[in-house]
Amino acid sequence: MTDLIFAATCDLAGKVRGKAFPADQLDKRLKRGVGWTPTNVQITCFDAIAESPFGALGDLLLIPDSEAGVTAAFEGGTERFMLGDIVTLEGDPWELCTRSLLRGALDRLQRVGGVSLLAAFEHEFQLIDGNDLPNEAYTLQGLRRSAGYVRR
């Protein structure tokens, strides 16, 4: 079985999307990335493609960042994820790359205000197993039902 790495981007719909590539291609993908299309920015949180000025045309690259990766253990094994930057075929930051937008905002904050930002992110998950009971969010009963998953 081939080990894969998932090059990921956090999109405007609040989802992590991306493409996987064989782990033995990491050096190549750190330089050349994986193919990405502008229309992907228009995938909504409901997985439909919204109206887009891009249509089906255009090519971009999603280049994984060697300093923004993690290996996570799951029941069936481990998965490796790396956040990436969306760039044009010429290597310039794409105008709607969320990482580039954030980097630009932080640079402006430093330049204009002379300050830097220190932040953290809280990741939240929702367990949907078909056995959900109403009104159990943040309850002891909800914790007990999901304890097996949480303690892995």
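The cluster map of Ile, Leu, Val, Met, Phe, Trp and Tyr, joined by side-chain heavy atoms under 4.5 Å apart, puts Val115 and Leu117 in the same cluster. When hydrophobic clusters are built by joining Ile, Leu, Val, Met, Phe, Trp and Tyr residues whose side-chain heavy atoms come closer than 4.5 Å, directly or via intermediates, Leu61 is not grouped with Leu26.
The CG atom of Asp24 lies 9.0 Å from the CG atom of Asp3; values are rounded to the nearest 0.5 Å. To the nearest 0.5 Å, the span separating OG on Ser116 from CG on Asp107 amounts to 11.5 Å. How far CG of Leu12 is from CD1 of Ile43: 11.0 Å, rounded to the nearest 0.5 Å. From Arg80, atom CZ reaches atom CZ of Phe6 across 14.5 Å, with rounding to the nearest 0.5 Å. In this structure, the separation between OG on Ser66 and CG on Asp27 is 10.0 Å, given to the nearest 0.5 Å.
Heavy-atom minimum distance, Leu30 versus Met82: CD2-CE, 4.0 Å. For Arg29 against Pro64, the heavy-atom pair with the smallest separation is O-CD, 3.3 Å. The two residues Lys31 and Ile63 have their closest heavy-atom pair at O-CD1, 3.9 Å. The minimum heavy-atom distance linking Thr88 with Leu60 is given by the pair CA-CD2, 4.0 Å. Taking all atoms of both residues into account, the shortest heavy-atom contact from Ser100 to Pro93 is OG-CB, 3.4 Å. When every heavy atom of Phe81 is checked against every heavy atom of Ala72, the shortest pair comes out as CE1-CB, 4.1 Å.
At least one donor-acceptor pair closer than 3.5 Å links the side chain of Lys19 to the backbone N or O of Gly35. Of the possible polar contacts, one joining the Gln42 side chain to the Glu51 backbone as a donor-acceptor pair under 3.5 Å is found. Side-chain N or O atoms of Thr44 include one that pairs as donor or acceptor with a backbone N or O of Phe46 at under 3.5 Å.
Looking only at side-chain heavy atoms (C-beta outward), Val87 and Trp36 stay at 4.5 Å or farther from each other. Side chains of Thr98 and Thr9 form a contact here, defined as non-hydrogen atoms less than 4.5 Å apart.
Put simply, the residue from Asn40, Leu83, Ile86 that forms a side chain to side chain contact (heavy atoms under 4.5 Å, CB included) with Leu62 is Ile86.
Ion pairing of Asp47 with Arg17 is present here, as a side-chain N (NZ or NE/NH1/NH2) and a carboxylate O approach within less than 4.0 Å.
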Under the criterion side-chain contact (heavy atoms from CB on, under 4.5 Å), I'd like the reasoning laid out for Trp94 against Val41: C-alpha separation, chi angles, the key distance, then a yes or no.
CA-CA 11 Å; Trp94 184 50; Val41 77; 3.7 Å; yes

For the pair Asp65 and Arg99, evaluate side-chain contact (heavy atoms from CB on, under 4.5 Å) and give the outcome as yes or no after the intermediate values.
CA-CA 11 Å; Asp65 181 343; Arg99 292 187 84 213; 3.1 Å; yes

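Remark: Arg103 CZ is packed, more than 12 non-hydrogen atoms of other residues, nucleotides or ligands lying under 6.0 Å away.
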